[in-house]
Number of protein chains: 2
Amino acid sequence: MPYSHTHRVLVALDCIIFGFDGEGLNLLLIKRNFEPESGKWSLMGGFLNDGESLEEAAHRILYDLTGLDNNYLEQFQTFGAIGRDPVERTISVAYYSLVNIEDQDVNAIRSHNASWISLTKKPRLIFDHDLMVQEALKRLRTKAALNPIGFELLPEKFTIPQLQKLYEAIYDTRLDRRNFSRKILSTRLLVGTGEKDMSSQTKKGQLYTLDAHEYARQQKGNYSFMPELIMADF
Amino acid sequence: MPYSHTHRVLVALDCIIFGFDGEGLNLLLIKRNFEPESGKWSLMGGFLNDGESLEEAAHRILYDLTGLDNNYLEQFQTFGAIGRDPVERTISVAYYSLVNIEDQDVNAIRSHNASWISLTKKPRLIFDHDLMVQEALKRLRTKAALNPIGFELLPEKFTIPQLQKLYEAIYDTRLDRRNFSRKILSTRLLVGTGEKDMSSQTKKGQLYTLDAHEYARQQKGNYSFMPELIMADF
DNA sequence: TATAATTGTGTCGCAATTACACAATTTTGC
DNA sequence: GCAAAATTGTGTAATTGCGACACAATTATA
């Protein structure tokens, strides 16, 4: 026998998808060609289906758009203000995701009318999506200071200066090269490949990869990655 | 016109209510005398009503049980596993609250068949409420290391050793009196009242209150309260 | 009234972070 | 092709912050 309480609502999921292009943080946004708010920009979202957990639904939506699974995905807040969706009472469980911008499935993205857009040039989004992005960034900042999750935004092989640029982008700050390098190497998370970066522009630094074992360990354990970056306010 | 998507679900809210009795953390739990799972222990919860935001609903539920408003209340996670509620598909938005255990409304609590129970003696709870408590404690630990929210669990006037016992309870650890005192006083959050603690047992330490202005500032701002307590894993 | 426990304040040493210098390599501009 | 500018890698000194510990004052205990 179901509960006698009868107020049932639509449950949506919205994904704030972060990418890093070597310079700044980007968001994967959709230019809607469907109602409501057709023609405007929004986050990628969808509705919770029957027989599907929140986690599963978020993964499904992310896979739909990027063709990628196994991306970093974390629930961070549920939005339920009255009138946040003008069509019908809907609450939205918001997730943020960190993806390697090079791995994207161009066709999947194009078919959804989506684009990578620099966070600094973000257009106004529909509903309460601007608020969601703001809160996702806060959470990302806190999380990335406590756990080594930044690597999810980089290719498998990367240089230390690339990694530094990423953290400078996340925290909108400048870091000292030498101290950053020493700090990162002291975590023992990186393994040098001996190779040099042969990519287009910058033919310099040594390429590193993650030490998978250390990475898994430090993801889970009680640990503080770069406490000096903590901005609290989360 | 409503969305054609038809899968609407019940939205519940559950509150993990923390209190501090001078020794350890306590939870305000309900011994259910209603179905389902009558006779078993659970968190205080309820359903989202029409025309009510998540925040409002959580406050309503908390007020119902404690007779208190203006308590510290923060959403921390939404639980949506299949079958988490055996009666009907329900997702639950979980909040944790910090209340001053001395301010409680005894009648309201009794009428709900609720009791304060030490976290160390927590019985098994219904549904996924054990998981909720576990996650709430994780979040409390991270949050309390980053922001000065611990005071919400204490009376208006308190001694530094009381405050220390609280942090020792939250982090299940022992702290050095002298270092703790120095650290706390350096935050400029406390204002000495000159009075001494004249309460029953312990007739000693000086009573302090919060500097309301500093407290409000450090709640909001980018700040790291006691980074050495961070346990990450959140 | 003596003893034990609690509170308040101070000092020292170590570790971590910050600030800054220099050499090697690569790109850029002519 | 060569000099200048920029980037990378590594080192070192000064400062700061935290942990460990000593001691005096006050209050409870017996």
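Proteins get letters first, then strands, A, B, ... in listed order; numbering begins at 1 in each. When reading the values below, keep in mind they use all heavy atoms of this one structure, side chains included, and skip hydrogens, waters and symmetry mates. Just so it is clear, the structure is predicted and the values come from calculations on it, not from any experiment.
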Tell me: [atom1] of [X] to [atom2] of [N], nearest whole Å?
X: B:Leu175; N: C:dT7; atom1: CG; atom2: C1'; value: 16 Å
X: A:Gln164; N: D:dT10; atom1: CD; atom2: C1'; value: 15 Å
X: B:Phe158; N: C:dT7; atom1: CZ; atom2: P; value: 15 Å
X: A:Leu185; N: C:dT17; atom1: CG; atom2: P; value: 14 Å
X: A:Asn179; N: D:dG9; atom1: CG; atom2: C1'; value: 13 Å
X: B:Phe180; N: C:dT9; atom1: CZ; atom2: P; value: 15 Å
X: A:Arg174; N: C:dA19; atom1: CZ; atom2: P; value: 14 Å
X: B:Asp176; N: C:dC12; atom1: CG; atom2: C1'; value: 14 Å

* To do: Answer yes or no: does atom CG of B:Asn113 have more than 12 heavy-atom neighbours from other residues, nucleotides or ligands under 6.0 Å?
  =>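 Yes, enclosed.
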* To do: Report, as yes or no, whether the 6.0 Å neighbourhood of atom NZ on A:Lys122 holds more than 12 heavy atoms from other residues, nucleotides or ligands.
  =>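 Counting neighbours around NZ of A:Lys122, more than 12 heavy atoms of other residues, nucleotides or ligands fall under 6.0 Å, so yes.
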* Asked: Under the ring-ring contact (aromatic ring centres under 6.0 Å, His included) criterion, do B:Phe151 and B:Phe158 qualify, and how do the steps go?
  -> CA-CA 9 Å; B:Phe151 307 97; B:Phe158 52 86; 5.7 Å; yes
* To do: Among the candidates C:dT7, D:dG9, C:dT18, find the nucleotide nearest to the side-chain atoms of A:Arg182.
  =>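 Nearest listed nucleotide: C:dT18.
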* Under 3.5 Å: donor-acceptor pair, side chain of A:Asn147, backbone of A:Ile149 ->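 Checked: no pair found.
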* Look at the side chain of B:Glu56 and the backbone N and O of B:Ser53, then say whether any donor-acceptor pair between them is shorter than 3.5 Å. =>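 Such a contact is found between B:Glu56 side chain and B:Ser53 backbone.
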* To do: Show your reasoning for whether side chain to side chain donor-acceptor pair (under 3.5 Å) applies to A:Ser97 and A:Asn71.
  => CA-CA 7 Å; A:Ser97 178; A:Asn71 282 313; 4.9 Å; no
Between the protein and nucleotides 22-24 of chain D, are there any N/O to N/O pairs under 3.5 Å, and if so, what are the atom names and distances?
{"residue": "D:dA22", "atom": "N7", "partner": "B:Arg178", "partner atom": "NH1", "Å": "3.0"}
{"residue": "D:dA22", "atom": "N6", "partner": "B:Arg178", "partner atom": "NE", "Å": "3.3"}
{"residue": "D:dA22", "atom": "N6", "partner": "B:Arg178", "partner atom": "NH1", "Å": "2.8"}

